[in-house]
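Start at 1 with the first residue, then count along the sequence. Just follow the structure's listing: the first ligand is 1, and inside any ligand the first atom is 1.
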Amino acid sequence: MISGIVKSGKMRAENIYVTNKSNAAKLERLESRYGINAMPQAELPYEDIDMCILAMKPKGAAGVLEALKDKLVPGQVVVSVLAGISTGFMEDNLKDGQQVVRVMPNTSSMIQESATAISPGVHTTDENIEDVKELLSSMGKVFLIEEEQMDIFTGLAGSGPAYFYYLMEHMERVGRENGMDEKMAREIIAQTILGAAKMIIEKDETPEVLRKNVTSPNGTTASGLNALRKYNGGTAISQAVNHAANRSKEINRELEGVLIPS
Ligand SMILES: NC(=O)C1=CN([C@@H]2O[C@H](COP(=O)(O)OP(=O)(O)OC[C@H]3O[C@@H](n4cnc5c(N)ncnc54)[C@H](OP(=O)(O)O)[C@@H]3O)[C@@H](O)[C@H]2O)C=CC1
Ligand SMILES: O=C(O)[C@@H]1CCC=N1
């Protein structure tokens, strides 16, 4: 996220403050790579923060919200990328009236090609949403969604890049097994996926129509697709998305049971 935001020039690196749990070497690396301000939590200028982005593991959410509760005030927007952590949970564990926004980016943020979802909390204003959208659009496309769709969005887009990498790993292996240079195979597959994605975005056609356009009767693609059907490729893909979405729901159930009493 830092990489995408800094690259876009939408925010000056010197206005970004970053902290973590304890890894000082990582903070030094971030500071020298991006020119941002990296520091231990105790040194953060909390009163000057407009937007506080939380990006630790979901299980750390309760502790971090508790620590932030008395440091932030309503007006400062808390943005969370944590899978499975709801806006309600954040609101319950922060000051009354604190504005929160739940977001789900993916790792393509690094090259400003993320598909990122945002869902506001109950105290969030239109201006807050615009500010968050504006910032996150520096790392790719932003979709405003109902929070109840955040689990399925996570299954599709948050985790999504991993499915394509997995697919590429398998395609690359077959290329290698057939004598192709590994790097060239990788480049060919990446260009093929990029082209297919761009066709969807630019041609305003459904994947089904585009698939049929590739498929000559009794040709090579028909043969490949038959194998995908025979080995339940479609079911495997649907199951991957469903399982990831269900895990997001499960994280929510596991962690929202640890509400901090106010
Ligand atoms: N990876 C992905 O593609 C995506 C991840 N997410 C979400 O992002 C979050 C982070 O995932 P990921 O980057 O893989 O995790 P990592 O473990 O790589 O990073 C977590 C970071 O949080 C820091 N941290 C942990 N506890 C605290 C704390 N109490 N106060 C301050 N900082 C803390 C860690 O500090 P230290 O450096 O000291 O260890 C570390 O830098 C998760 O909630 C995940 O659901 C969302 C969308 C996509
Ligand atoms: O795997 C995870 O839990 C995180 C959330 C979405 C992508 N990575």
Side-chain angles (χ1 to χ4, degrees), residues 1-5 16-34 36-46 49 51-72 78-87 89-90 93-94 100-119 132 135-136 138-143 145 147 149-166 240-256 258 260:
M1 290 176 74
I2 293 168
S3 167
I5 291 169
I16 299 176
Y17 288 75
V18 174
T19 191
N20 63 359
K21 191 168 190 182
S22 53
N23 188 339
K26 196 189 212 175
L27 288 182
E28 273 174 33
R29 248 189 346 264
L30 287 170
E31 192 161 89
S32 69
R33 187 174 302 167
Y34 300 114
I36 47 121
N37 305 284
M39 58 196 61
Q41 289 176 44
E43 291 172 26
L44 277 181
Y46 288 97
I49 292 171
M51 204 183 282
C52 175
I53 301 180
L54 304 181
M56 68 291 306
K57 294 285 187 206
K59 68 174 169 13
V64 167
L65 291 169
E66 185 188 24
L68 279 176
K69 183 173 183 169
D70 292 323
K71 297 201 169 82
L72 297 179
V78 180
V79 175
S80 159
V81 307
L82 281 56
I85 299 295
S86 70
T87 55
F89 182 79
M90 289 189 277
N93 287 282
L94 289 165
V100 306
V101 179
R102 179 174 171 188
V103 315
M104 178 50 59
N106 67 32
T107 46
S108 306
S109 302
M110 193 172 269
I111 54 152
Q112 298 164 267
E113 291 290 359
S114 177
T116 304
I118 69 173
S119 293
V132 174
L135 181 69
L136 299 185
S138 66
M139 355 179 285
K141 283 198 178 136
V142 180
F143 303 86
I145 65 169
E147 188 166 3
Q149 291 181 351
M150 205 42 113
D151 298 313
I152 189 63
F153 185 94
T154 302
L156 290 169
S159 302
Y163 315 146
F164 289 100
Y165 297 135
Y166 189 71
V241 175
N242 276 326
H243 274 69
N246 286 340
R247 178 64 190 138
S248 173
K249 286 194 191 109
E250 193 177 60
I251 291 173
N252 177 269
R253 282 196 300 273
E254 283 170 10
L255 296 176
E256 306 228 338
V258 293
I260 302 161

Please check: side-chain N/O of [X] versus main-chain N/O of [Y], any donor-acceptor pairing under 3.5 Å?
X: S248; Y: T154; value: no
X: N106; Y: A157; value: yes
X: S119; Y: R102; value: no
X: E147; Y: T87; value: yes
X: E113; Y: M139; value: no
X: S109; Y: M1; value: no
X: S86; Y: F89; value: yes

With L65, the side chain to side chain contact (heavy atoms under 4.5 Å, CB included) member among L72, L94, V100:
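Considering L72, L94, V100, a side chain to side chain contact (heavy atoms under 4.5 Å, CB included) with L65 is found only for L94.
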
Residue of the set N37, I36, N20 for which side chain to side chain contact (heavy atoms under 4.5 Å, CB included) holds with L27
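Only match with L27 under side chain to side chain contact (heavy atoms under 4.5 Å, CB included): N20.
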
Would you please test E250 and R247 for salt bridge (charged side-chain N to carboxylate O under 4.0 Å, His left out) and show each step?
CA-CA 5 Å; E250 193 177 60; R247 178 64 190 138; 2.7 Å; yes

Below 4.0 angstrom, counting only protein heavy atoms, does anything approach atom 4 (C) of ligand 1?
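Protein heavy atoms within 4.0 Å of atom 4 (C) of ligand 1 - there are none.
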
Measure from atom 28 (C) of ligand 1 to the protein's non-hydrogen atoms and state whether any distance is below 4.0 Å.
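Given the 4.0 Å limit, the answer for atom 28 (C) of ligand 1 is yes, a protein heavy atom qualifies.
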
Does N20 reach ligand 1 with a nitrogen or oxygen that is under 3.5 Å from one of the ligand's nitrogen or oxygen atoms?
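There is such a contact, yes.
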
Which residue and heavy atom of the protein sit nearest [atom], plus the separation:
atom: atom 7 (C) of ligand 2; answer: G158 O, 3.3 Å
atom: atom 35 (O) of ligand 1; answer: K21 N, 3.0 Å
atom: atom 48 (C) of ligand 1; answer: P105 O, 3.4 Å
atom: atom 13 (O) of ligand 1; answer: A55 O, 4.7 Å
atom: atom 5 (C) of ligand 2; answer: A83 CB, 3.9 Å
atom: atom 11 (O) of ligand 1; answer: K57 NZ, 3.9 Å
atom: atom 38 (O) of ligand 1; answer: S22 N, 2.7 Å
atom: atom 1 (O) of ligand 2; answer: S159 OG, 4.7 Å

Determine, step by step, whether K141 and S114 satisfy the side chain to side chain contact (heavy atoms under 4.5 Å, CB included) criterion, reporting the C-alpha distance in whole Å, the side-chain angles of both residues, the deciding distance to 0.1 Å, and the verdict.
CA-CA 6 Å; K141 283 198 178 136; S114 177; over 6 Å; no

Selected option - heavy-atom contact closest to [atom], from [options]:
atom: atom 30 (N) of ligand 1; options: K26, Q41, M104; value: Q41
atom: atom 45 (O) of ligand 1; options: A67, A83, S114; value: A83
atom: atom 7 (C) of ligand 1; options: T116, L30, V103, V81; value: V81
atom: atom 9 (C) of ligand 1; options: M56, E66, M1; value: M56
atom: atom 1 (N) of ligand 1; options: L82, T19, L44, T107; value: T107

Is ligand 1 less than 4.0 angstrom away from at least one heavy atom of G63?
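No, G63 has no heavy atoms under 4.0 Å from ligand 1.
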
With a 4.0 Å cut-off on heavy atoms, does P58 reach ligand 1?
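It does; at least one heavy atom falls under 4.0 Å.
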
Run the numbers for me: atoms of ligand 1, each under 4.0 Å from some heavy atom of N23, listed by number.
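Matching atoms, with element in brackets: 36 (P), 37 (O), 38 (O).
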
For ligand 1, note which part of V64 has a heavy atom under 4.0 Å away: side chain, backbone, both or neither.
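Contact part for V64 vs ligand 1: side chain (C-beta onward).
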
For the pair I53 and V78, evaluate side chain to side chain contact (heavy atoms under 4.5 Å, CB included) and give the outcome as yes or no after the intermediate values.
CA-CA 6 Å; I53 301 180; V78 180; over 6 Å; no

